[in-house]
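Report on one structure; see the data block that follows.
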Amino acid sequence: YIICSANTVPKKYLVICEENIIFATYLSSFTTTKRNYSFKFMYKVSVVTPFHNVDMGMFQKCADGMRCQTIGFENIEWIIIVHNSEPHYFPLLTEMFKNDKNVIIKELHDNMHSPASPRNYGMQFVTGPYLGFLDGDDNYTPDCLEVASREMAETQSQVVTFRREY
């Protein structure tokens with residue numbers, strides 16, 4: 001897994017996925033170089049999740065893992081991109097998160113057959129200072145986002161990578 005700082009990467013964005021490792025840069029809508037800007041982010045971290053016909057039982061585990069984050073679910077902007085999925089999934093997800101103002105659900109229909117396309121699409125909606133990716137059939141450990149964002153802030157790192165636990 002990878003989480004990157006949204007305000008310290010180039011002005012282009014690209015996602016490459018190889019062997020369960022995701023490398024990302026994010027299109028930043030602001031700059032902090034040579035000026036003393038102060039930004040108050042609504043969320044501590046943004047997470048983009050590509051969703052392609054995921055079994056709802058598996059996705060429920062993903063959602064439970066996000067809700068249990070020690071950083072606080074309300075501090076996470078979760079962007080779910082329903083990608084080339086069967087039509088019944090979008091209303092299911094919309095109903096599932098109807099009371100969560102921090103969850104954005106978008107549809108994407110294109111000819112791409114990889115998670116890179118919905119990840120790239122989802123990045124345009126990111127507003128948090130850190131950006132993470134999470135597939136709809138995976139989940140983070142409970143303290144993942146808190147530890148990753150804290151480590152990035154303390155070390156002024158632009159990217160943090162970590163292995164998945166089974």
Can you sort out the partners of [X] under salt bridge (charged side-chain N to carboxylate O under 4.0 Å, His left out), two or more places apart, ordered by chain and number?
{"X": "D100", "answer": "R67"}
{"X": "E86", "answer": "none"}
{"X": "K101", "answer": "none"}

| message | Checking side-chain polar atoms at under 3.5 Å, does H83 have a donor or acceptor matched by the opposite partner on N53? | response |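 No, because no side-chain N or O of H83 sits under 3.5 Å from a partner of the opposite role on N53.
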message: Please verify the inter-ring angle class for F59 with F51; under 30° counts as parallel, over 60° as perpendicular, anything in between as tilted.
response: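 Correct class here is perpendicular.
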* To do: Given salt bridge (charged side-chain N to carboxylate O under 4.0 Å, His left out), test D55 with K61 step by step and report yes or no.
  => CA-CA 10 Å; D55 174 79; K61 290 179 184 178; over 6 Å; no
Taking CE in M56 as the centre, count heavy atoms belonging to other residues, nucleotides or ligands within less than 6.0 Å. Is the count above 12?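 Correct, the count exceeds 12.
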- Task: Please indicate whether Q156 has more than 12 foreign heavy atoms, meaning atoms of other residues, nucleotides or ligands, lying under 6.0 Å from its CD.
- Result: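 For Q156, atom CD is not crowded (no more than 12 foreign heavy atoms under 6.0 Å).
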Heavy-atom donor-acceptor pair, N75 side chain to I71 backbone, under 3.5 Å
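Answer holds: yes.
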Practice prompt. Write down the atom of G128, the atom of S46, and the distance for their closest heavy-atom approach.
Written response: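 The answer is N-OG, 2.9 Å.
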How long is the gap from CZ on F133 to CD1 on I79, to the nearest 0.5 Å?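 If I round to the nearest 0.5 Å, the distance is 9.5 Å.
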SB check R150 D143 (cutoff 4.0 Å):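 The answer is no: the pair does not qualify as a salt bridge.
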